[in-house]
Protein chains: 2
Amino acid sequence: MRIAELSRQSGVPVPTIKYYLREALLPPGELTSPNQASYGEVHLRRLRLIRALVDLGQVPIARVKEILEGLDSDSMTLHEQIGRAHRAITPTRTPTATTDARTAATQQVNDLIARRDWTVEPDAPALTTLIETVAALRSLDQDHLVAFLDSYADAIEKFTALEVAAVTERTSPDQIAESVVIGTILGETLISSLRLLAQESISAARWRG
Amino acid sequence: MRIAELSRQSGVPVPTIKYYLREALLPPGELTSPNQASYGEVHLRRLRLIRALVDLGQVPIARVKEILEGLDSDSMTLHEQIGRAHRAITPTRTPTATTDARTAATQQVNDLIARRDWTVEPDAPALTTLIETVAALRSLDQDHLVAFLDSYADAIEKFTALEVAAVTERTSPDQIAESVVIGTILGETLISSLRLLAQESISAARWRG
DNA sequence: CGTGATGGATAGTAGCAGTATCCATTAATG
DNA sequence: CATTAATGGATACTGCTACTATCCATCACG
C-alpha cells in the first residue's frame with residue numbers, strides 16, 4: 001500500500017500523514033526504492049489510533065507521541081504506561097487557588113483518598129486537578145457539588161474495577177498496554193458523553209419549555 | 001476597586017483582564033471619570049468563573065462567552081442554558097468514521113437510549129461524540145469497552161439524578177442556572193480526575209514494579 | 001517516453017489566548 | 001501644586017499548535 005491508498009483508507013489527508021511521519025507518530029514505510037515506500041496494516045491501525053486520541057480524546061500531538069513511544073517500548077511496566085496516558089490527558093497546571101483555599105481542598109481530597117484506601121502517589125497528575133477543582137468549586141459557592149465527591153467515587157470505583165478486570169481477562173498480553181491506553185482515554189470520552197446525554201434527558205423532563 | 005486590585009485579588013494579570021473586557025466576557029466597570037472605572041464583587045466572581053471554566057474545564061474563550069451570555073439573559077429556559085453548556089464542552093465534530101461503521105454505532109447508541117428511556121434530541125452535541133467514539137472503539141478492536149456502555153450508563157444515571165436534585169433543592173432560583181453550568185462543566189473535571197486516581201490506585205496494586 | 005505520484009525538505013498558514021506598547025488622562029504623594 | 005504612577009482604551013505583536021503548501025529530484029506505470 002502506498003501513501004495515497006493509506007490516505008484513502010484512513011480518511012487522513014496525505015500531507016497530514018507526511019506530517020505524522022515527520023513527527024515520528026507513524027513509523028516510516030518500508031522503502032522499496034529511494035522514493036517509494038510501502039505501508040501496511042500496522043500503519044493503518046496506528047493512524048486510526050492517532051486520530052481517535054486526537055479527535056475524540058483531545059490529546060495534543062506531542063502527548064500522543066509520548067503515549068506511542070510508551071506503547072512501542074517493551075521496557076515499561078503497564079503501570080508506567082498508564083501513567084503516561086494519564087499525563088497525556090491531564091494538562092500540567094500552575095496552581096491558581098489561594099494558598100489557604102488549597103490547603104483546605106488538599107485536606108479534603110486526602111481524607112477522601114484515605115477513606116477509600118486508594119494508593120496514590122503524591123505527584124499523580126490528576127491529584128492537582130482534583131484539588132484545584134475542589135478549591136474552585138468552593139470559591140464559586142458550590143460546596144454542594146463537593147459534597148458529592150463520595151457518591152462519585154463510589155460509582156467510579158465500581159466501574160473502574162470492572163474495566164480493569166475486563167481488559168486483563170479479554171486481551172492478549174501484548175495488546176494489554178494498547179487496550180489500557182485506549183480504555184483510559186476513549187473511556188473518558190464515552191463517560192463524558194453518556195453523562196451529557198443523561199443530563200439532557202433529565203433536564204428536558206424537568207425544565208423544557 | 002480598581003483594575004490593579006481586581007487583578008491582585010483574582011490572580012489574573014491586568015492585560016488579561018483588559019482582554020476579557022474587550023471580548024465582553026467581563027462587563028465594563030462603572031466609569032467614575034473618562035479614564036477611571038470601579039469594579040466590584042460581581043467582577044471578581046465572574047473572573048473566578050471564567051478562570052475555572054478556562055483552566056479546569058478547558059472551555060475555549062469563545063465558548064465561555066456564549067455560556068456567560070446565556071447566564072446573563074433571563075429569557076432562556078434552564079434547559080436551553082444547559083444546552084449551551086453542553087455545546088461549550090463538546091467540540092463540533094466532522095464525522096470521521098466510515099459510513100457503515102457509523103450506522104452500526106448509531107444503531108447501538110439508539111438502542112441504549114431506548115433501553116434507558118432517555119429523551120435525547122437527535123442533534124444533541126454529545127450524541128455525535130458518543131456514536132463516533134463507539135465506532136472508533138470498534139475499529140480499534142476494543143469492543144469489550146463498548147460492552148460496558150450499560151454499566152457506565154447505570155452508574156452515571158444514578159449520580160446525575162442526585163446532582164440535579166441537589167442543585168435544584170439547595171440553590172436559590174436565580175442561582176440555579178449558574179450552578180447547573182458549573183456543575184456540568186466542573187463536575188466533569190471532578191469525575192475525570194477521580195477516575196484517573198481510581199485507575200492509578202488499581203493499576204499500582206496490580207502492575208507496579 | 002511522458003505523465004503523474006512519491007519521499008523528503010522547507011516554508012507558510014490559521015486560529016487561539018493572551019502580551020506589549022502607546023497615549024491622553026487622572027489619581028496619589030510629597 | 002508639581003511630579004510620579006496608574007488607568008482606560010486602542011492597536012499591534014507574540015508564541016504555540018496542528019496542520020497545508022510548495023518544491024524538487026526521482027520513480028512507476030501505461
Side-chain angles (χ1 to χ4, degrees), chain A residues 1-40 43 46-47 49-68 88-89 91-94 96, chain B residues 1-40 43 46-47 49-68 88-89 91-94 96:
Chain A
M1 178 168 29
R2 282 175 314 175
I3 204 168
E5 179 64 11
L6 184 61
S7 165
R8 210 190 51 70
Q9 286 201 38
S10 62
V12 178
V14 173
T16 305
I17 296 179
K18 283 186 171 187
Y19 166 63
Y20 291 158
L21 286 166
R22 273 203 304 285
E23 296 293 312
L25 297 188
L26 210 65
E30 197 191 343
L31 279 178
T32 60
S33 65
N35 73 334
Q36 219 64 191
S38 96
Y39 305 91
H43 297 89
R46 186 45 64 96
L47 218 34
L49 178 55
I50 295 171
R51 296 313 297 207
L53 297 181
V54 168
D55 292 344
L56 267 3
Q58 309 219 79
V59 179
I61 292 287
R63 295 310 176 121
V64 171
K65 186 176 178 185
E66 289 172 21
I67 294 176
L68 297 177
I89 53 176
T92 42
R93 282 177 206 301
T94 327
T96 220
Chain B
M1 176 169 31
R2 283 176 313 176
I3 204 167
E5 179 64 10
L6 184 61
S7 165
R8 211 191 48 71
Q9 285 200 38
S10 62
V12 179
V14 172
T16 305
I17 296 180
K18 285 186 170 187
Y19 166 63
Y20 290 160
L21 287 167
R22 274 203 304 285
E23 296 292 313
L25 296 187
L26 219 93
E30 197 191 343
L31 279 179
T32 60
S33 64
N35 73 333
Q36 218 65 191
S38 97
Y39 306 91
H43 297 88
R46 185 48 62 95
L47 217 35
L49 178 54
I50 295 171
R51 295 312 299 207
L53 297 182
V54 168
D55 292 344
L56 267 2
Q58 308 219 79
V59 180
I61 291 288
R63 294 313 177 119
V64 172
K65 187 177 176 185
E66 289 173 21
I67 293 175
L68 297 178
I89 53 175
T92 42
R93 278 175 211 302
T94 326
T96 220

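The shown structure was predicted, so the numbers you read here are calculated from the model rather than taken from an experiment. Just so it is clear: chains get the letters A, B, ... in the order the sequence lines come, proteins before strands, and each one is counted from 1.
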**Asked** End-to-end bend of the helix from C/dC1-D/dG30 to C/dG30-D/dC1 (five-pair axes, 10° rounding)?
**Response** 0°
**side chain to side chain contact (heavy atoms under 4.5 Å, CB included) against A/Pro60, all qualifying residues, sequence neighbours excluded** = A/Arg63
**Prompt:** Any idea which heavy atoms bring A/Leu21 and A/Tyr39 closest together, and the distance?
**Reply:** CD1-OH, 3.7 Å
Show each protein N/O and nucleotides 18-21 of chain C N/O combination with a separation under 3.5 Å, one pair to a line.
residue, atom, partner, partner atom, Å
C/dG18, OP2, B/Tyr20, OH, 3.3
C/dT19, OP2, B/Thr16, OG1, 2.9
C/dT19, O4, B/Arg22, NH2, 2.8

**Asked** Can you name the side chain to side chain donor-acceptor pair (under 3.5 Å) partners of B/Arg46, sequence neighbours left out?
**Response** B/Asp72
What side-chain donor-acceptor pairs closer than 3.5 Å can you find for residues 4-12 of chain B, not counting sequence neighbours?
residue, atom, partner, partner atom, Å
B/Glu5, OE1, B/Arg8, NE, 3.4
B/Glu5, OE2, B/Arg8, NH2, 3.2
B/Glu5, OE2, B/Gln9, NE2, 3.0
B/Ser7, OG, B/Val12, O, 2.8
B/Ser10, OG, B/Leu6, O, 2.7
B/Ser10, OG, B/Ser7, O, 3.4
B/Ser10, OG, B/Val12, N, 3.2

**Fill in**
For A/Pro91, the side chain to side chain contact (heavy atoms under 4.5 Å, CB included) test, sequence neighbours excluded, returns A/Arg93, B/Gln58
**Asked** When the nearest nucleotide of DNA chain D is assigned to B/Ile3 and to A/Ser33 on a heavy-atom basis, which residue is associated with the more 5' position?
**Response** B/Ile3
**Request:** Using the heavy-atom set of chain A and a strict 4.0 Å cut-off, write down the first and last nucleotide of DNA chain D that makes it in, 5' to 3'.
**Result:** D/dA18 to D/dA28
**Complete:** Those residues at least two apart in sequence (or on a different chain) that pass side chain to side chain contact (heavy atoms under 4.5 Å, CB included) with B/Pro13 are B/Pro15, B/Thr16
**Item:** Sugar-phosphate, base or nothing in reach of B/Pro28, heavy atoms under 4.0 Å
**Value:** nothing
**Request:** Please name all residues satisfying side chain to side chain contact (heavy atoms under 4.5 Å, CB included) with B/Arg22, sequence neighbours left out, ordered by chain then number.
**Result:** B/Lys18, B/Tyr19
**Message:** Test: side chain to side chain donor-acceptor pair (under 3.5 Å). Region: residues 24-37 of chain A. Which pairs qualify, not counting sequence neighbours?
**Reply:** A/Arg2-A/Gln36
